[in-house]
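Atom set for the values below is all heavy atoms of this structure, side chains included, hydrogens, waters and symmetry mates excluded.
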Amino acid sequence: MPELPEVEVVRRSLEPRLVGDTFRSLTVRDPRLREPVDRANLERRLVEREVLRLRRRAKYLLVDVAGDSTLVIHLGMSGRLTLVAGEAPVEPHEHLALGLASGGRLRLRDPRRFGLAFAVATGALAGDRHFAHLGPEPLDAAFDGGALARAARGRRGPVKSFLMDGRVVVGVGNIYASEALHRAGIHPRRSVARIAARRWDLLVEACREVLSEAIERGGTTLNDFTNADGEGGWFQVSLRVYDREGRPCPRCGRAILRIVQSNRSTYYCGGCQR
DNA sequence: CGTAGACCCTGCGCGC
DNA sequence: TGCGCGCAGGGTCTAC
């Protein structure tokens with residue numbers, strides 16, 4: 001479900017309501033996520049700690065608390081992180097809940113269980129195995145056409161898979177990879193070995209644009225994505241190709257095509273993507 | 001080494 | 001109405 005914009009939207013909606021509050025309790029109802037939830041470690045690192053700040057790295061949400069600990073949450077495909085009233089009824093697939101001093105409850109639901117929740121020392125985050133190999137943030141200034149071109153050197157394969165490789169750039173998932181390539185006019189199957197410098201620049205700009213616009217619009221709600229307040233986003237109405245097979249390309253009017261790459265659907269326009 | 005594909009899991013929408 | 005199938009926003013492991 002969530003790519004970079006959706007995680008960022010959750011972060012922004014959560015931040016003003018969480019910072020300054022204190023975790024008072026932890027309930028793990030179902031530890032079965034992508035990696036088993038370590039209840040004791042979460043309890044030790046989080047309970048009775050004040051929330052200092054919320055950050056995001058790639059598609060991971062980071063909640064720093066007092067005492068040099070960080071709660072790391074990944075939403076996988078179907079994870080939803082919401083802040084509800086403390087007495088709100090438990091919902092299906094509510095894996096864990098953190099009670100807050102203010103009376104609220106931070107709830108993580110994840111039907112498909114591809115998500116993650118764990119806690120580590122804040123200072124050890126960068127070296128953690130989940131983060132050590134990650135590439136640059138697409139919205140950082142350090143990410144530019146040159147960075148992409150260097151990453152592509154000596155590599156083969158289609159540009160769409162390349163764009164979704166977290167070692168190259170983080171946060172670009174299946175929706176926004178298709179959208180960015182359409183905006184840049186690049187065919188998703190084009191080999192990374194056959195992309196000129198100028199087109200890498202265009203692609204970087206397209207990524208920045210589409211990700212920023214999606215954040216502004218509250219993310220893409222195709223099915224069930226919501227921010228921490230349970231509100232959906234609106235960027236789905238601005239999607240130009242994703243999930244629009246057979247409908248007209250907004251630029252040239254030709255029918256949008258769907259192909260499968262690495263077992264994931266790719267949408268593109270055969271007319272204006274080369 | 002890099003890349004392509006399978007796989008983890010549940011829910012939903014569709015066609016029959 | 002009910003059932004089976006295909007598909008879904010991510011990441012990782014294996015086989016080549």
Fill in: Greater than 12 external heavy atoms within 6.0 Å of A:Arg155's CZ
yes
Could you tell me the separation between the [atom1] atom of [X] and the [atom2] atom of [N], rounded to a whole number of Å?
| X | N | atom1 | atom2 | result |
| --- | --- | --- | --- | --- |
| A:Arg109 | B:dG11 | CZ | P | 11 Å |
| A:Leu33 | B:dC9 | CG | C1' | 11 Å |
| A:Met77 | B:dG11 | CE | P | 15 Å |
| A:Asp128 | C:dT12 | CG | P | 11 Å |
| A:Arg167 | C:dG10 | CZ | C1' | 15 Å |
| A:Arg112 | C:dG11 | CZ | C1' | 12 Å |
| A:His130 | C:dG10 | NE2 | C1' | 13 Å |
| A:Arg156 | B:dA4 | CZ | P | 7 Å |

Do the side chains of [Y] and [X] get nearer than 4.5 Å, heavy atoms only?
| X | Y | result |
| --- | --- | --- |
| A:Ile195 | A:Ile186 | yes |
| A:Leu148 | A:Val204 | yes |
| A:Leu33 | A:Asp110 | yes |

Fill in: A:Arg258 vs A:Arg129, nearer the 5' end of DNA chain C by closest nucleotide
A:Arg258
Worksheet item: Can you find an N or O donor on one side and an acceptor on the other, under 3.5 Å apart, linking the side chain of A:Asn263 with the base of B:dA6?
Response: yes
Discussion item. Any base atoms under 4.0 Å from A:Tyr176, or only sugar-phosphate, or nothing? Heavy atoms, all strands.
Written reply: nothing
Item to complete: Name the pairing partner of C:dG9, where a pair is Watson-Crick or G-U wobble with both distances under 3.5 Å, or state none.
Response: none
